[in-house]
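Worksheet: one structure, shown below.
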Amino acid sequence: MMMQLLIRSEKDGILCPIPQYPLYSASIALHGGALVPYYLDEATGWGLEVSELKKQLADAKSKGITPRALVVINPGNPTGQVLAEDNQRGIVEFCKQEGLVLLADEVYQENVYAPEKKFHSFKKVARSMGYGEKDISLVSYQSVSKGYYGECGKRGGYMEVTGFGPEIREQIYKVASVNLCSNISGQILASLVMSPPKVGDESYESYSAEKDGILSSLARRAKTLEDAFNNLEGVTCNKAEGAMYLFPCIRLPEKAIKAAEAAKTAPDNFYCRHLLNATGIVVVPGSGFGQLPGTWHFRCTILPQEDKIPAVVSRLTEFHKSFMDEFSD
């Protein structure tokens with residue numbers, strides 16, 4: 001909906017993180033805009049540097065592209081990092097100075113596992129800097145299918161639009177009205193997520209116990225898989241600070257890269273297909289999300305039930321060893 005409103009022609013650009021959730025590049029292409037990529041720094045735990053944003057913005061402008069908005073996914077998908085508040089202030093300041101709409105994808109806000117990290121909404125950060133409705137245009141996204149509620153099954157969500165005039169808001173409502181009605185279960189779940197049980201409510205204790213149970217289990221699963229990946233030959237995996245995924249980097253033998261070329265597919269896709277055929281484990285090749293040229297990754301979810309994780313780890317470990325043996329140079 002926002003891409004439809006922001007993109008006027010192929011000369012309008014949207015800054016997106018690489019690696020990114022592919023919905024962004026797809027919707028930019030669908031609405032005829034230009035993707036302006038900025039790279040997250042894997043070496044600093046998928047850090048988002050404002051200097052990189054400035055560099056890509058200048059590069060886009062030099063090609064005649066008018067940047068319209070900046071997409072920030074926090075916590076990250078597929079990379080799982082959680083932004084520091086100071087970093088967020090720099091991003092808000094950048095958007096204000098450049099007149100960019102900030103599209104804050106905050107659907108994993110409940111999924112923070114690193115004890116030293118805390119989620120801060122971009123709206124809270126912008127307001128704490130003294131920026132109000134007239135200073136910055138901000139769209140914040142939330143979903144019922146993440147966190148600890150829908151667990152990627154139930155679907156529903158909402159966006160909060162701030163810093164847009166009444167005429168533009170009216171157009172947004174018109175575009176939304178084209179869809180007529182969202183699904184009933186999604187609406188019910190969205191209302192429950194927006195106003196959960198409070199202390200003193202009859203269901204609060206059971207709700208609180210279930211919530212804590214789900215989130216602590218996800219944190220354990222993330223750590224188990226992170227450790228497993230870091231124990232594999234040629235694989236490095238950054239710490240899972242948040243969200244529901246790990247995005248390990250895999251250094252593939254030259255023989256495997258050549259075999260992938262012969263099969264007319266990307267090397268990471270070649271590895272992922274072999275893994276699926278050998279074990280039944282589905283991971284997504286990094287080439288689907290974008291990555292630094294010459295590097296290979298895959299995205300692995302932490303969603304399988306906790307009691308199934310040890311079996312996933314042993315199958316994965318066994319497969320990886322045989323794959324590396326088969327294709328060792």
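- Looking at P304 and I309, their side chains come closer than 4.5 Å, going by heavy atoms from C-beta outward.
- Interatomic distance, K239 NZ to K223 NZ, rounded to the nearest 0.5 Å: 8.0 Å.
- Contact of the M159 side chain with the M2 side chain is registered, since non-hydrogen atoms from C-beta on lie closer than 4.5 Å.
- In summary, the side chains of Q20 and S25 do present a donor paired with an acceptor at a separation below 3.5 Å, with no hydrogens or angles considered.
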Side-chain donor-acceptor contacts of residues 269-278 below 3.5 Å, not counting sequence neighbours, with atom names and distances?
unit_1, atom_1, unit_2, atom_2, d
N269, ND2, T265, OG1, 2.6
Y271, OH, H320, ND1, 2.8
H274, ND1, F270, O, 3.0
N277, ND2, R273, O, 3.3

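- By the 6.0 Å and 45° rule, K96 stacks over the aromatic ring of Y131.
- Looking only at distances, a side-chain donor or acceptor of S177 sits under 3.5 Å from a matching main-chain atom of Y173.
- Judged by distance alone, the side chain of D12 and the main-chain N or O of R8 form a donor-acceptor pair under 3.5 Å.
- Side-chain atoms of E42 and L292, non-hydrogen and from C-beta on, never get closer than 4.5 Å to each other.
- Rounding to the nearest 0.5 Å gives a distance of 8.5 Å between CZ of R127 and CD1 of I136.
- Put simply, the side chain of V101 does not reach to within 4.5 Å of the side chain of R68, judged on heavy atoms.
- No donor-acceptor pair under 3.5 Å is formed between the side chain of S137 and the backbone N or O of F164.
- The backbone N or O of S145 sits nowhere less than 3.5 Å from a side-chain atom of K154 that would complete a donor-acceptor pair.
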field: side chain to side chain donor-acceptor pair (under 3.5 Å) evaluation trace for T224 with R220
entry: CA-CA 6 Å; T224 302; R220 288 192 300 271; over 6 Å; no
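- In this structure, the side chain of T295 does not engage the main chain of Q291 through any donor-acceptor pair within 3.5 Å.
- No side-chain donor-acceptor contact under 3.5 Å links D201 to the backbone of P197.
- Here the straight-line distance linking atom CG of L218 with atom CG of L303 works out to 6.5 Å at 0.5 Å rounding.
- Taken from CG in L40 to CD1 in I18, the straight-line distance is 8.5 Å, to the nearest 0.5 Å.
- For the pair E106 and K146, the salt-bridge criterion is not met [side-chain N within less than 4.0 Å of a carboxylate O].
- Between E85 and R89 there is a salt bridge, since a side-chain N of the basic residue sits under 4.0 Å from a carboxylate O of the acidic one.
- Side chain to side chain, T162 and E133 fail the donor-acceptor criterion of an N or O pair below 3.5 Å.
- Rounding to the nearest 0.5 Å gives a distance of 14.0 Å between NZ of K118 and CG of L83.
- A ring-centre distance under 6.0 Å is not found for Y141 and Y108.
- Tracing side-chain contacts under 4.5 Å through hydrophobic residues (I, L, V, M, F, W, Y), one never reaches L23 starting from Y158; they form parts of separate clusters.
- Using a distance-only test at 3.5 Å, with no hydrogens or angles considered, a donor-acceptor pair links the side chain of S314 to the main chain of A311.
- When all heavy atoms of C16 and I28 are compared, the pair lying nearest together is SG-CD1, 3.7 Å.
- For the pair R299 and F247, the cation does not sit on the ring face, since its NZ or CZ is not both under 6.0 Å from the ring centre and inside 45° of the axis.
- The closest side-chain heavy-atom distance from Y24 to M3 is below 4.5 Å.
- Across A69 and L100, no two heavy atoms sit closer than the pair N-CD2, 3.8 Å.
- A distance of 8.5 Å separates CG of L138 from CG of L103, quoted to the nearest 0.5 Å.
- Side-chain contact between F94 and I91 is absent, with no heavy-atom pair separated by less than 4.5 Å.
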- request: Test side chain to side chain donor-acceptor pair (under 3.5 Å) on T79 and Q81 and set out the steps.
  value: CA-CA 6 Å; T79 44; Q81 83 287 8; 2.6 Å; yes
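- Distance alone, capped at 3.5 Å, places no donor-acceptor pair between the N111 side chain and the P75 backbone.
- You'll find the side chain of V36 reaches within 4.5 Å of the side chain of I65, heavy atoms only.
- Using modelled atom types, one finds no donor on one side chain facing an acceptor on the other under 3.5 Å when comparing E167 with Q171.
- With R155 contributing its side chain and V144 its backbone, the two residues share no donor-acceptor pair below 3.5 Å.
- Distance alone, capped at 3.5 Å, is enough to place a donor-acceptor pair between the D135 side chain and the G132 backbone.
- In this structure, C249 and V235 have side chains that are not in contact, with every pair of non-hydrogen atoms separated by 4.5 Å or more.
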### Candidate pair E160 and S140, rule side chain to side chain donor-acceptor pair (under 3.5 Å), full reasoning
CA-CA 5 Å; E160 185 187 25; S140 307; 4.7 Å; no
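- There is a path of hydrophobic side-chain contacts, each under 4.5 Å, that joins Y245 to F298.
- With respect to the salt-bridge test (charged N to carboxylate O, under 4.0 angstrom), the residues D59 and K55 do not qualify.
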message = Walk me through whether T279 and L316 qualify under side-chain contact (heavy atoms from CB on, under 4.5 Å).
response = CA-CA 7 Å; T279 66; L316 187 71; over 6 Å; no
